[in-house]
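Read through the structure below, which is laid out as structure tokens, and then see the notes.
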Amino acid sequence: MHALSHGTTSTPTTIAVPPALSLPVIEAAFPRQLHPYWPKLQRETRAWLLEKRLMTPEKVEEYADGLCYTDLMAGYYIGAPDEVLQAIADYSAWFFVWDDRHDRDIVHGRPVAWRRLKDLLHSALDRPGDHLGHRDPVVAGLADSVQRLYAFLPDTWNARFARHFHTVIEAYDREFHNRTEGIVPTVEEYLALRRLTFAHRIWTDLLEPSAGYELPDVVRKNPAYRKPALLSQEFAAWYNDLCSLPKEIAGNEVHNLGISLVTHEGMTLEEAIADVRRRVEECISEFLDAEQEALRYADRLDDGTVGGKETSAAVRACVGNMRNWFSSVYWFHHESGRYRVDSWDDRSTPPYVNNATEGEK
């Protein structure tokens, strides 16, 4: 089917959404929004990728805008101050580049290079100021982006963000091992690992600086808040699996919900695709119920005090952006060149990646 995208150009364009990936409920019930800072965001992140040497000038020129990394963040963190959104968008662009480095280190059999990078990323996360000038752009890029993110909220938020991202780095290491050894995780193993490699908690943590408010633990851990947060992220991860399955089969991947279902549940590829789609659709319907409960919870938090009013408003802002994640993720997958595997010269090698490690350049 075709759907109208209101996204990233001065005039709306008609995007062809394949029937197997079409979600009419997203198009009807989750209106797309875009942060008004987006045009400058795109220019600034493109310049940042060049400045930090995260992509070559040729690849930035040819691919950066078409990959739509800034569009994804500008459709999610609505209401964020411009400088917060810029730091988040640069961090997100870095994340995609890191993900590609991880993939290329696996494909080209570079375990020593990966382990060195993993250790450096742990260090840069804890002491970003010490790594701003590191010769490896992926290390320096993380240091720069997280140092900026650490400036917006108290140290307690920074420590939580770092703790959550340390677990993401280790999850990437487990994925490295699985892919290197050809191990397809079981469905339950995969779902647990995917919550980490997709960085569910990170994108949820970043709702708070976007709202300009660190939520108290008692609020963040309340099921009324946690459930819609998790569902928004599960939708994104599983919809990504649905859209990236052809790319990952072409690259002999082992980390995809569809691949786990085929390998361990005895499903055909068609059955696995249908099962992933069912899970995606259930996330949407469950979110619509959880969203209403979260908004009722926000109402209860407003107890007439200044603190209660501020917390209630922050929860409402965060829940509103959980909703925005659905449309932003949906359109990103149909606009970004990251998933157009059929247009690549080599279906297993994305044209926007750099195949060399920093030490081999």
Side-chain angles (χ1 to χ4, degrees), residues 41 43-61 63-64 67 69-70 73 83-153 155 157-177 180 196-197 199 201-203 205-206 209 350 352-361:
L41 181 73
R43 294 193 298 271
E44 292 295 323
T45 295
R46 189 194 307 128
W48 186 78
L49 288 166
L50 279 171
E51 177 192 345
K52 298 303 175 185
R53 299 178 295 117
L54 287 162
M55 294 176 71
T56 65
E58 297 76 19
K59 291 191 185 294
V60 168
E61 178 66 27
Y63 298 110
L67 289 168
Y69 296 159
T70 56
M73 296 297 110
E83 64 273 18
V84 173
L85 184 61
Q86 187 66 65
I88 291 173
D90 290 350
Y91 169 75
S92 172
W94 171 87
F95 202 115
F96 281 111
V97 172
W98 173 53
D99 184 75
D100 292 334
R101 168 79 77 83
H102 174 259
D103 177 71
R104 293 297 94 186
D105 280 350
I106 293 168
V107 169
H108 294 290
R110 301 189 293 230
V112 173
W114 164 250
R115 285 195 296 270
R116 180 173 63 243
L117 176 61
K118 174 178 73 77
D119 292 344
L120 284 165
L121 293 180
H122 279 304
S123 297
L125 185 59
D126 286 335
R127 297 180 300 280
D130 295 345
H131 295 78
L132 295 173
H134 198 279
R135 68 181 182 86
D136 187 331
V138 173
V139 177
L142 176 65
D144 179 82
S145 59
V146 299
Q147 180 165 269
R148 288 154 60 201
L149 290 173
Y150 289 168
F152 300 124
L153 290 178
D155 288 345
W157 183 91
N158 298 345
R160 185 199 337 147
F161 180 93
R163 185 171 67 251
H164 288 165
F165 198 65
H166 280 304
T167 65
V168 172
I169 295 169
E170 286 305 307
Y172 264 69
D173 190 51
R174 294 201 293 279
E175 180 177 332
F176 190 100
H177 171 76
T180 300
L196 296 174
T197 58
R201 287 181 172 178
I202 291 297
W203 307 118
D205 286 340
L206 289 168
Y352 46 82
V353 301
N354 184 351
N355 279 293
T357 62
E358 175 61 18
E360 295 169 341
K361 292 179 184 175

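Residue numbers run from 1 in the order of the sequence given. Atoms considered below: every heavy atom in the structure, side chains included; atoms not considered: hydrogens, waters and symmetry mates.
- Looking at residues two or more places apart in sequence or on another chain, you find no salt bridge (Lys or Arg N to Asp or Glu O under 4.0 Å) involving K59.
- Taking the six-membered ring where tryptophan is involved, the planes of W114 and W98 are essentially parallel, since the angle between them stays under 30° and well short of 60°.
- One finds the CD1 atom of I106 at 9.5 Å from the CZ atom of R104 (value rounded to the nearest 0.5 Å).
- Looking at heavy atoms from C-beta onward, E175 lies out of side-chain contact with T180 at the 4.5 angstrom threshold.
- Considering only heavy atoms from C-beta on, V146 comes within 4.5 Å of L125 through its side chain.
- With ring centers used as reference points, F161 lies under 6.0 Å from Y91.
- Counting heavy-atom neighbours within 6.0 Å of E83 CD, excluding the residue itself, gives a total above 12.
- Taking NZ of K52 as the start and CG of L142 as the end, the distance is 11.5 Å to the nearest 0.5 Å.
- Between W203 and F95, the closest side-chain pair of non-hydrogen atoms falls below 4.5 Å.
- Side-chain N or O atoms of W94 include one that pairs as donor or acceptor with a backbone N or O of V138 at under 3.5 Å.
- One finds the NE2 atom of H131 at 11.0 Å from the CG atom of D136 (value rounded to the nearest 0.5 Å).
- Here the closest heavy-atom approach between residue L54 and residue P137 is recorded as CD2-O, 3.4 Å.
- With values rounded to the nearest 0.5 angstrom, H166 atom NE2 is found 14.0 Å from L196 atom CG.
- Atoms CD1 and NE2, from I169 and H102 in turn, are 11.0 Å apart once rounded to the nearest 0.5 Å.
- Checked against a 6.0 Å centroid threshold, the rings of Y150 and W157 do not count as neighbours.
- Between atom CG of residue D105 and atom OH of residue Y172 there is a gap of 12.5 Å, rounded to the nearest 0.5 Å.
- With contacts defined as side-chain heavy-atom distances shorter than 4.5 Å, the pair R201/R160 does not qualify.
- Within the 4.5 Å cutoff, the side chain of L50 has no heavy atoms near those of the M55 side chain.
- Of the N and O atoms on the side chains of D90 and S145, not one donor lies less than 3.5 Å from an acceptor on the other residue.
- The closest donor-acceptor contact from the side chain of R101 to the backbone of F96 lies at 3.5 Å or more, if one exists at all.
- Under the side chain to side chain donor-acceptor pair (under 3.5 Å) criterion, H134 pairs with no residue at all, not counting sequence neighbours.
- By the salt bridge (Lys or Arg N to Asp or Glu O under 4.0 Å) test, D99 pairs with R338, sequence neighbours left out.
- At least one side-chain heavy atom of L149 sits less than 4.5 Å from a side-chain heavy atom of L206.
- Under the 3.5 Å distance criterion, the side-chain polar atoms of D144 are left unmatched by any main-chain donor or acceptor of L132.
- When all heavy atoms of T45 and Q86 are compared, the pair lying nearest together is OG1-NE2, 3.0 Å.
- Between F152 and P209 the shortest heavy-atom distance is CB-CB, 4.1 Å.
- Proximity of P111 to R115: side-chain heavy atoms (C-beta onward) are separated by under 4.5 Å at one or more points.
- Not one N or O on the side chain of S92 forms a donor-acceptor pair closer than 3.5 Å with the backbone of I88.
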